[in-house]
Number of protein chains: 2
Amino acid sequence: MTEQKVISFETIRVACKNCTLSTLCLPMGLTTEDVERLDDIVRRSKPLHRGDYLFRSGETFRSLYVVKTGSVKTYAPSEEGGEQVLGFHLPGEIIGLDAIETEVHACSARVLETSAICELPFSRLEQLTATIPSLQHQMYRLLSKEIGHDTEMLLLLGKKNAEERLAAFLISMSRRLHQRGLSPTDFHLSMSRHEIGNYLGLAVETVSRLFTRFHEEGLLKVDRKHVQLLDPAGIEAILGQSLADDHRARSS
Amino acid sequence: MTEQKVISFETIRVACKNCTLSTLCLPMGLTTEDVERLDDIVRRSKPLHRGDYLFRSGETFRSLYVVKTGSVKTYAPSEEGGEQVLGFHLPGEIIGLDAIETEVHACSARVLETSAICELPFSRLEQLTATIPSLQHQMYRLLSKEIGHDTEMLLLLGKKNAEERLAAFLISMSRRLHQRGLSPTDFHLSMSRHEIGNYLGLAVETVSRLFTRFHEEGLLKVDRKHVQLLDPAGIEAILGQSLADDHRARSS
DNA sequence: GCCTTAGTTTGACCTGGATCAAGCACATGC
DNA sequence: GCATGTGCTTGATCCAGGTCAAACTAAGGC
């Protein structure tokens with residue numbers, strides 16, 4: 001009990017200015033003084049545990065959330081059980097941007113593992129951005145980045161085959177973890193095969209078979225949730241490969 | 001020649017405050033005075049024609065574009081000919097939001113038919129939003145709306161079958177045209193079957209067959225690019241239908 | 001320990017939609 | 001007029017990946 005309290009305390013108390021994520025998150029490009037003003041509106045909850053909700057679809061939108069440690073998935077529940085996983089969010093990533101317009105959350109967000117989350121009440125953030133131009137600019141950039149990311153996913157779901165989708169997923173995880181100072185070749189997947197499949201528009205069985213195939217081809221090693229990329233270049237080569245094929249086929 | 005000049009002039013001169021699209025576009029919720037300030041930065045070009053570019057992938061991002069009349073498609077070209085159509089944009093819709101972050105356009109935009117376009121230099125718009133809170137709010141809303149729309153598309157591409165995709169497309173067109181004061185049941189598609197297929201992640205042949213099937217089922221009438229929805233409710237019923245099926249199957 | 005439950009893997013089979021291949025309809029040019 | 005091109009439709013075939021089914025493997029719970 002005591003130990004858990006200590007951990008919580010450590011996790012919670014990091015101010016924005018001391019946070020290692022400040023280059024990825026909102027404080028980027030802000031002066032020390034402005035970071036302190038931002039810091040004033042951030043609410044830091046105690047750590048959440050696997051399955052806990054940040055918000056649920058249908059709830060009124062009040063805040064944006066930033067992952068500080070751990071990971072979160074967002075998904076759009078469709079009446080009666082079905083759902084589409086929209087994203088897996090790593091430390092420094094902002095969640096809830098899609099709800100600004102309607103002021104109602106259209107998707108749900110729950111943590112995949114014990115995670116620390118910062119909450120940013122949106123109305124206060126909005127007031128702040130009106131007085132700090134660089135913060136406003138950063139908000140535009142973050143919103144725009146989200147659109148760019150969604151665009152990539154549209155391309156993935158619209159044009160890529162199963163193999164390319166999983167390769168894209170692995171490369172994306174690898175890069176994002178690397179940005180956060182973790183190993184780009186050796187990591188833990190906090191989501192299930194089912195969730196990966198759902199996210200990539202594939203059946204669980206297909207994901208499982210692909211992991212096996214990639215393993216057989218010497219591209220990676222898998223032990224349950226632990227992944228080791230043995231040949232990252234080989235995996236990257238899978239992306240765009242079929243487009244080259246496509247072109248070859250058409251021009252012949 | 002003279003006639004064309006007259007048309008151009010008429011099209012170009014509409015100020016934001018007199019524009020019928022102001023409820024859909026940025027001016028929403030602004031005071032008359034603020035609309036005039038916005039108006040000052042808007043550049044109105046002469047009408048563009050089918051195939052003209054608003055911008056190309058790889059170009060430096062400088063402006064956002066708003067469709068005033070006509071329609072525009074955006075697409076992400078992938079090396080050597082292949083492309084993913086990202087969207088079809090109707091009057092009042094903003095284009096280019098995904099390029100704010102990187103300051104480089106990742107996609108291209110070209111007009112599908114003779115169209116009038118408003119250009120908004122982003123740096124000036126950004127300055128303006130810093131001094132007009134309601135404009136800033138509207139910008140956040142527009143960016144957020146785009147994310148919400150992309151999310152819907154992800155769901156469509158990730159979970160829906162061919163029939164549901166075309167139904168969703170038709171309903172979306174119908175609603176958006178209706179919002180703009182046009183008939184929700186009787187409209188002209190400015191894009192080709194090929195482009196529709198590309199957008200929906202389907203082959204041209206599939207799109208064509210679906211139009212035929214919908215026609216046989218009495219849901220609509222098609223004559224080349226002209227579409228008439230005979231049973232809009234029937235088409236809407238196709239959406240989410242398979243999810244119900246899915247649930248029925250699983251719970252039995 | 002042993003039972004239960006949930007996640008994962010593997011195999012066998014099936015199908016929706018892609019691909020291939022014609023034929024058709026309507027422009028546009030000469 | 002006829003030739004050429006471009007987009008659309010229709011039919012026949014094929015296959016990637018979904019679905020179904022079963023076995024395997026942790027990880028709790030008691």
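Proteins come first, then strands; the chains are lettered A, B, ... in the order of their sequence lines, and each starts at number 1. Just so you know, these numbers use all the heavy atoms, side chains as well, and skip hydrogens, waters and symmetry mates.
- Note: CD (Glu216(A)) to C1' (dT10(C)) measures 11 Å, nearest angstrom.
- Between Arg224(A) and Ala162(A), the one whose closest nucleotide on DNA chain D sits nearer the 5' end is Ala162(A).
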Please list, for nucleotides 20-22 of chain D, all pairs of protein and nucleotide N/O atoms separated by less than 3.5 Å.
{"residue": "dC20(D)", "atom": "N4", "partner": "Glu205(A)", "partner atom": "OE2", "Å": "3.1"}

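- Rounded to whole Å, atom C1' of dT9(C) lies 15 Å from atom NZ of Lys225(A).
- Put simply, CD on Glu164(B) is 14 Å from C1' on dG17(C), counting in whole angstrom units.
- With values rounded to the nearest 0.5 angstrom, Ile196(A) atom CD1 is found 5.5 Å from Arg193(A) atom CZ.
- Of the inter-residue distances, the one linking Arg110(B) atom CZ with Ser71(B) atom OG reads 13.0 Å to the nearest 0.5 angstrom.
- As rounded to whole Å, 14 Å separates atom C1' of dG17(D) from atom CG of Leu200(A).
- Once rounded to the nearest 0.5 Å, the distance linking CD of Glu195(A) with CD of Glu83(A) reads 7.5 Å.
- Near-neighbour residues of DNA chain C inside residues 187-199 of chain A, defined by a heavy atom below 4.0 Å, number-ordered: Ser192(A), Arg193(A), His194(A).
- Of the side-chain N and O atoms in Ser208(A), none sit less than 4.0 angstrom from OP1 or OP2 of dT10(C).
- Side chains of His105(B) and Asp98(B): a donor-acceptor N/O pair is absent below 3.5 angstrom, by distance only.
- The distance from the CG atom of Leu177(B) to the OG1 atom of Thr185(B) is 10.5 Å, given to the nearest 0.5 Å.
- Using a 4.0 Å cut-off, some side-chain N or O of Thr206(A) falls inside it from OP1 or OP2 of dG18(D).
- Rounded to the nearest 0.5 angstrom, Leu154(A) CG and His149(A) NE2 are separated by 10.0 Å.
- In this structure, His226(A) atom NE2 and dT8(C) atom P are separated by 16 Å, rounded to whole Å.
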